[in-house]
Structures are given as C-alpha cells and as structure tokens.
Number of protein chains: 2
Amino acid sequence: MLKDIIDNNENYQPGLSIDCVIFGFHDNQLKVLLIKVERANKWSLPGGFIPVDQDIDTAAITVLNSRTGVDGVFLRQFATFGKVDRNKQHFDKKTLEYLKIEEAKGKWLMRRFVTIGYYALVDFSKILPNPTGRHEIVEWIDHKEVPELILDHREILDKALDTLRIELNLMPVGYNLLPEKFTIPELQKLYETILDKKLDRRNFLRKITNIGILTKLDEKKSNGAHKAPNLYSFDKEKYDEVLKNGLNQGW
Amino acid sequence: MLKDIIDNNENYQPGLSIDCVIFGFHDNQLKVLLIKVERANKWSLPGGFIPVDQDIDTAAITVLNSRTGVDGVFLRQFATFGKVDRNKQHFDKKTLEYLKIEEAKGKWLMRRFVTIGYYALVDFSKILPNPTGRHEIVEWIDHKEVPELILDHREILDKALDTLRIELNLMPVGYNLLPEKFTIPELQKLYETILDKKLDRRNFLRKITNIGILTKLDEKKSNGAHKAPNLYSFDKEKYDEVLKNGLNQGW
DNA sequence: AGTACATTGCGTCATAATAACACATTAATG
DNA sequence: CATTAATGTGTTATTATGACGCAATGTACT
C-alpha cells in the first residue's frame, strides 16, 4: 500500500499528508481509533496522502472510509501541523530497508511533511475497525488511556479534543457520536467526558430539552440494576435549524 | 522576489503556500489588507511560500512582517484550502513569459497548490502598508467593499471572518485590533461590524465592563460635535487571565 | 414478598444575566 | 444660550442559571 504510493509518488502531493482523529463513544468513554503496525512500538493516528487529483476533503474521506468502512459522517478539518522537524527521522534508512523501499524513491518519504488534521465523529456501534493489512492493528482506545504516539500525533489529538470542546458550545455534537436511540444520562456522560467536568443531572436535562432538538421515545432502556431511563432520539429537522444560529451566543 | 523563489524552489515546500487575511479597524470599519500587482485586474491576499527549514507559523509571520513591518501581533491559523482546481490556470504560459520565468522552472508554480490560511489582527494606526516591489499596490480595504479577488481568496477571506466571529465569543478580540487608548463606542462598533448586527449601547457597556478587562482613563477623546467619550485601555493582566477560561461558556 | 439501594424524573427557589427602555450629562454648533 | 447628537447612568421585567429536595422506578438481596 505504502509501497504503491512511493512507486507512484508523482501522483500524490509531495510533503503533504492527512491525519484523522476518529472519535467514537462507547461504555461512557470517548474513544479514539488508533493504529499500530506490527513492528512499531508506538501507536499512530490513521493517515494518508493526497492524490493530486483529489480535494483534500475528499482525501480525508478516503482515509476515514478505509479505516471504518463508513462514509457520510461528520468530518471536519481542524488544523494543519507544520513544524520543521515534526517527521524528522521517522522514515530513516533502517525503516526503508525493512519496507524494501529503494533509497532513491524513499527520499520522497524522508522529506519534510506538513499534515492536515481532520476529526471525525462516528457512531461507535456502526463501526468495525478495519485493518488494511495483516501487519496492522486497529483499535478503539479510551481517550484517557492513549499510549505514546508517533511524531506529533499526541499534539494533533490534543488539538482535536480542544476543538471538539469549543464546537460543543456551538453545536450539538451528540448527534454524530451517539446511536439513534440514547438516554439523557448517556448524552450527559458524553458532555462530561468532552468537557472534562461534572454537570448537574437536573440542570442538564432542563437545558438540553429546552433546546428542542430531542424527541422523547416511548421506550426505555433496561440499564442494569436500576431505574430504566427513557430513550430519546434527535429531531433532525430542528437540529439542523438550531445549527444555523449556533447555540450559546453571548452577544 | 518570486523569481528568486522559483530559481531556488528546492528550498521551499512544493505545492504549499500561505495566505494571510490581515484585519485592521479604522473609521469604524473593519478593513482588510489587500494587494494588487500592476498588470493584474484582481486583488489578492498577501501570501507566500514556506521555506523547507521554517515552521509554517514562522513562514506566516514572515509574510505578515514583509507587508506590515510589524511583528509580535496576533496571528492565527484558521483553515487550509485544498480544492484540486483552486489555482488552475493561475500561472499560465503567458504569465510565465511576462515574469520571464523559464517554462521548465515554471512547472513548480503551475502545479496544484494547497494553501494554509492565517488571519492577523493588527493595530491599524501602527501599520504602514508596505509594497515589496514597485509594481505592487498594498491597500486597506473595507471588508464590505472588497472587490473581486483572485483564485479562492474570497472564500478564504469569508472563512477568516466566520472564524473571527466565533472567536469573538471566546476572547476579547478588541485588544488586538484597537489602539492602546479607545472609547467604548469604538469598541462597540468593532463588535457590531464583526457580528454584523446592532447592539444596545447601554447593555454593551455593562457587559464589557463587567468582564473586568477595561481600565477607565482620565482622558476624553474630543469626538467631533458631540459629547466627548471617555478613553479606556485594556488591563493586560486581567485580559490574559480571562483568556485562559474563555468568556461565554454555556455549560 | 418486602425492603434496601442506586438511579432516574420532575419540581422549587434564590440569584445572576439579559433585554428593553427612560433620563440626565456633555460638548460643539449656530 | 438654546439646540443637537452624542455619551453616561439607572430601572425594571423577564429569562437563564445553579443548587438543591423529593418522589418514582426497577433490580437485587434477605
């Protein structure tokens, strides 16, 4: 796969890549889809290169699609990372040898790369992590348990989370991360996780329902050993209408 | 200048550029610094290329600096633009001939370019627009009167404004755009211009002073034929403290 | 079967923030 | 010196927010 790209590197934008932070929500945890190649000892964000005949947004969709099998989800460019040394010594001679890439062709990879960061919000329940090769591990990892990452991927991930935190105030992010039917406590946990702070149960209910984007269903979710919470779904129409204006505007 | 870059194009990131939206505020107008080369009939955003040994943020500072002479100002990356056709036919053969660039070397310029957008907030009164060549015009233009721009620069400008609008809710942008001493009505006009809506004078005063970042000075500004408004300045310390938490948080 | 328990659902109240508005003050102008 | 068009200050009704109390629910345990 990588070798194909190297062999045809004139078909790709030089020195430019895409990295995706794919968020999912499961078991009351905000999770991130990470990748590890067998021989490496660090994890990385799913990424890819940009075909010269593709918009960068399209290339990002391709990256997302190849790892998750889904498309049509929420995908958003959030920042571009371009420190000079960010990928220095990532593809060194040893690595190239291992990958059986000729030194001449490897130069394309060894040059300085700028990467465009996208983050995706996906419905965890619909995703089956999809390794593109036998030597690759793809896994959902709790955002609080993320191990050491290659290059500046930790910085990219952090920036994605910061952006998500800000966006949360501007739009109901829950729509993209939760399954069709969900409970208010689940939605609250999502908010608490992203904002990294506790919220009052009763006030949260009042505020979130006042927005008018939730539809109360005639179903309950049996929830272990306790009172069964009601199920809700998003009212897509009202959701879209609210999005136009944003939520909390100060002025 | 451009020719120097072409002649040494191996010193620059290929297919990648920087464009700056430089905002200033004057005469109650939000202004944008635009550039026109003599022979062109369209204006453009000040831009530049990225030396292979410079961080992209550093390269952006260089662009800003070369046009305004200032540095140490507020500069922020807001988006990256990478549609396939965004610079198609920008440097065609005719243009290359005019610029006396050999066709072989011109190929570097004719390829597809992705551009990273930065916006800057500068104190209008401290800036003297600075043409880098004799055949270049640099001018402040009211953001409502911006003429047709080259390529997708209109889209870039619009996106910068959108971002500014959102940031306004998160931080007191006024600090960067106004001179050291300013009046409340001036600050309000700035807010109204960016948000594109009228605000109530009295409520604005209350809210902005309640934030606690303004210092009332013992001076007044003689303001034409009416009551002289009081002058204020920002309290940098409190301003920085407020920035940490952001301003209007909903949750 | 009945009780304990953790969780959910709904309501209350004091306080703070907001929007809408009235009126006094100021400085240049004719 | 009155007029005028601004600025500065205050008032009030309404709404939003934060911090709670308490009843309802569904499972598990005795």
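To find a chain, count down the sequence lines: A is the first, B the second, and so on, and within it residues start at 1. Note that the structure is a prediction, hence the values are computed from the model and not measured.
- Partners of S17(B) according to the side chain to side chain donor-acceptor pair (under 3.5 Å) rule, which considers only residues two or more places apart in sequence or in another chain, are T115(B).
- Rounded to whole Å, the distance from CG on N230(B) to C1' on dG8(D) is 9 Å.
- Five base pairs at each end of the helix from dA1(C)-dT30(D) to dG30(C)-dC1(D) define two local axes, and these are offset by 0° (rounded to 10°).
- Considering only the side chain of R201(A), dC22(D) comes nearest among dT9(D), dG8(D), dC22(D).
- At whole-Å resolution of the value, CG in N203(A) and P in dA14(C) are 16 Å apart.
- Relative orientation of the Y119(A) and F74(A) rings is tilted, given thresholds of 30° and 60° on the angle between their planes.
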Report all side-chain donor-acceptor pairs from residues 137-150 of chain B shorter than 3.5 Å, counting only partners two or more places apart or in another chain.
from: D142(B); atom 1: OD1; to: K144(B); atom 2: N; distance (Å): 3.3
from: D142(B); atom 1: OD2; to: Q29(B); atom 2: NE2; distance (Å): 3.4
from: H143(B); atom 1: ND1; to: L30(B); atom 2: O; distance (Å): 3.2

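- Ion pairing of K159(B) with D162(B) is absent here, as no side-chain N (NZ or NE/NH1/NH2) approaches a carboxylate O to less than 4.0 Å.
- Between I22(B) and V32(B) there is no side-chain heavy-atom pair separated by less than 4.5 Å.
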Just the table, please: protein N/O against nucleotides 25-27 of chain C N/O, every pair under 3.5 Å.
from: dT25(C); atom 1: O2; to: K227(B); atom 2: NZ; distance (Å): 3.2

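- With rounding to whole Å, L231(B) atom CG is found 14 Å from dG8(D) atom C1'.
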Distances for protein N/O vs nucleotides 15-17 of chain C N/O pairs under 3.5 angstrom?
none

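- When the C1' atom of dG9(C) is taken as reference, atom NZ of K221(A) falls 18 Å away, rounded to whole Å.
- Of the options N230(B), T209(B), L231(B), a side chain to side chain contact (heavy atoms under 4.5 Å, CB included) to K216(B) is made by N230(B) and by none of the others.
- Ring pair Y175(B)/F234(B) is perpendicular by interplanar angle, where above 60° counts as perpendicular and below 30° as parallel.
- Between R202(A) atom CZ and dG21(D) atom C1' the separation is 8 Å, expressed in whole Å.
- Protein atom CD1 of I208(A) is 17 Å distant from nucleotide atom C1' of dT8(C), rounded to whole Å.
- We find that CG of L205(A) is positioned 15 Å from C1' of dT12(C), with the value rounded to whole Å.
- Judged as a side chain to side chain donor-acceptor pair (under 3.5 Å), and not counting sequence neighbours, N176(B) has no contacts.
- A donor-acceptor pair is defined here as one N or O able to donate and one able to accept, closer than 3.5 Å; such a pair exists between the side chain of K36(B) and the backbone of A40(B).
- What separates CG of D200(B) from P of dT11(D) is a distance of 17 Å, to the nearest Å.
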| field | Check against salt bridge (charged side-chain N to carboxylate O under 4.0 Å, His left out), R86(A) and D152(A) | value | CA-CA 6 Å; R86(A) 59 174 294 278; D152(A) 57 352; 2.7 Å; yes
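- Not one N or O on the side chain of D55(B) forms a donor-acceptor pair closer than 3.5 Å with the backbone of D57(B).
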